[in-house]
Every structure is written in C-alpha cells, then in structure tokens.
Amino acid sequence: MSEPVGIDALLERVRAGYRRIAPQEAYDDAGAGTVLLVDIRYAALRERDGVIPGALVVERNELEWRLDPQGSHRLPEAKDHDVRVVVVCDEGYASSLAAESLHRLGLHRATDLVGGFQAWRAAGLPVTLPSQ
C-alpha cells in the first residue's frame, strides 16, 4: 500500500504530467478552433457567474463518459483521442484532476485552464451572463 498523499502534493504531481494553458492562450486557440473548451462547473456557478461562449458544458460527474471516444455515451465532439480538450472549473483545481483523468482514458492532449473560469473572467475575456 502506498503512503497517503495530500491534495497539494497530488495536484503538483498531476500537473507535472502536462502543460496547463493560460486564459488568453485558451481564448486564442478556441477562436482558431484548435481546442475544445469544456466547462465542468456545476449549474449554480454557471448561473451565478455566466459561461464562456462556445464552451461545451459537461458537469464533472459526466466528464469521462461524455468525452471517451470509445464510450457509448460520448458527445459528438469526442471524435478521437487526439482532441485537445481544455477543462475549465471555477478556480483551476478540480480541472487539473479532471484533465489527469482524461489522460488515463487516452486523451493525451487534455489540459486545464490555469485559474479556471475566475481567471478567464479576470482577464477580461468574453463571458455570457445568465439572463436576469
């Protein structure tokens, strides 16, 4: 049995396995059509803060089922294992663990957004607010 690992050490280990992406780069790459932005935040956060235009919304508990190119519940965007997925959570922590999980499914280009949705918004990038 392996020694217990704290979450900070686990995040550091997970993040060492891929290159994370900054908000401006994610925005530019999404505009160029070279990444698939996937928002895993739960509905209450999306309703409170808005969404990234064009991002695919897949709540965290469905992520692997929806993005596995071999899965029976996959979304059309999950064409193959070469899709460059950028996972977005609220602050960039849960998305790191989610990206690592996608790597285990063979999505070798999966990464996450440094600072999550909050960093995207702080950078002044487009956000669609919920209708009031």
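- Considering only heavy atoms from C-beta on, Val5 comes within 4.5 Å of Arg13 through its side chain.
- Side-chain contact between Arg41 and Asp49 is present, with heavy atoms from C-beta onward closer than 4.5 Å.
- In this structure, the side chains of Asp8 and Glu12 stay at 4.5 Å or more apart for every pair of heavy atoms.
- With Ser95 as the fixed residue, the side chain to side chain contact (heavy atoms under 4.5 Å, CB included) test singles out one of Asp112, Val114, Leu63, Leu113: Asp112.
- Using a 4.5 Å heavy-atom threshold, the side chains of Pro23 and Leu125 count as touching.
- Counting heavy atoms from C-beta on, the side chains of Ile52 and Trp120 come closer than 4.5 Å.
- Residues Arg84 and Leu107 fail the side-chain proximity criterion, which asks for heavy atoms closer than 4.5 Å.
- Side chain of Thr34 to main chain of Asp29: a donor-acceptor pair is present (N/O by atom type, distance under 3.5 Å, no hydrogens or angles).
- Gly92 and Arg15 get closest at one heavy-atom pair: O-NH2, 2.7 Å.
- A 6.0 Å sphere centred on NE2 of His108 holds more than 12 heavy atoms belonging to other residues, nucleotides or ligands.
- The existence of a salt bridge linking Arg20 and Glu100 is excluded, since no basic side-chain nitrogen approaches an acidic carboxylate oxygen closer than 4.0 Å.
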Does the pair Asp90 and Arg48 meet the rule for a side chain to side chain contact (heavy atoms under 4.5 Å, CB included), with working shown? CA-CA 11 Å; Asp90 196 48; Arg48 182 189 76 190; 4.2 Å; yes

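- Using a cutoff of 4.0 Å between basic side-chain nitrogens and carboxylate oxygens, Glu59 and Arg66 are not scored as salt-bridged.
- Rounded to the nearest 0.5 Å, atoms CG (Leu129) and CD (Glu47) are 13.0 Å apart.
- Hydrophobic clustering of Ile, Leu, Val, Met, Phe, Trp and Tyr side chains at less than 4.5 Å, counting indirect connections, unites Val86 with Phe117.
- Both Val127 and Val88 are assigned to one and the same hydrophobic cluster, defined by single-linkage of ILVMFWY side chains at heavy-atom distances under 4.5 Å.
- Taken from CD1 in Ile21 to OG1 in Thr111, the straight-line distance is 6.5 Å, to the nearest 0.5 Å.
- One finds no salt bridge joining Arg46 and Asp39 here, because no Lys/Arg side-chain nitrogen approaches an Asp/Glu carboxylate oxygen to under 4.0 Å.
- Linking ILVMFWY side-chain heavy atoms closer than 4.5 Å, directly or via other members, places Val87 and Leu37 in two distinct hydrophobic clusters.
- Counting heavy-atom neighbours within 6.0 Å of Tyr18 OH, excluding the residue itself, gives a total above 12.
- Side chains of Ile7 and Leu97 form a contact here, defined as non-hydrogen atoms less than 4.5 Å apart.
- Among residues two or more places apart in sequence or in another chain, the side chain to side chain donor-acceptor pair (under 3.5 Å) test is passed with Arg60 by Glu64.
- Side chains of Leu102 and Leu67 form a contact here, defined as non-hydrogen atoms less than 4.5 Å apart.
- Salt-bridge formation is not detected for the pair Arg74/Asp68: no Lys NZ or Arg NE/NH1/NH2 atom is positioned less than 4.0 Å from an Asp or Glu carboxylate oxygen.
- If you chain together hydrophobic residues whose side chains sit under 4.5 Å apart, Val35 and Val58 never meet in one group.
- Val85 is connected to Leu105 through a chain of hydrophobic side-chain contacts under 4.5 Å among Ile, Leu, Val, Met, Phe, Trp and Tyr, so both are in one cluster.
- For Ser96 against Leu11, the heavy-atom pair with the smallest separation is CB-CD2, 3.8 Å.
- Remark: Arg109 CZ to His103 NE2 distance equals 10.5 Å, nearest 0.5 Å.
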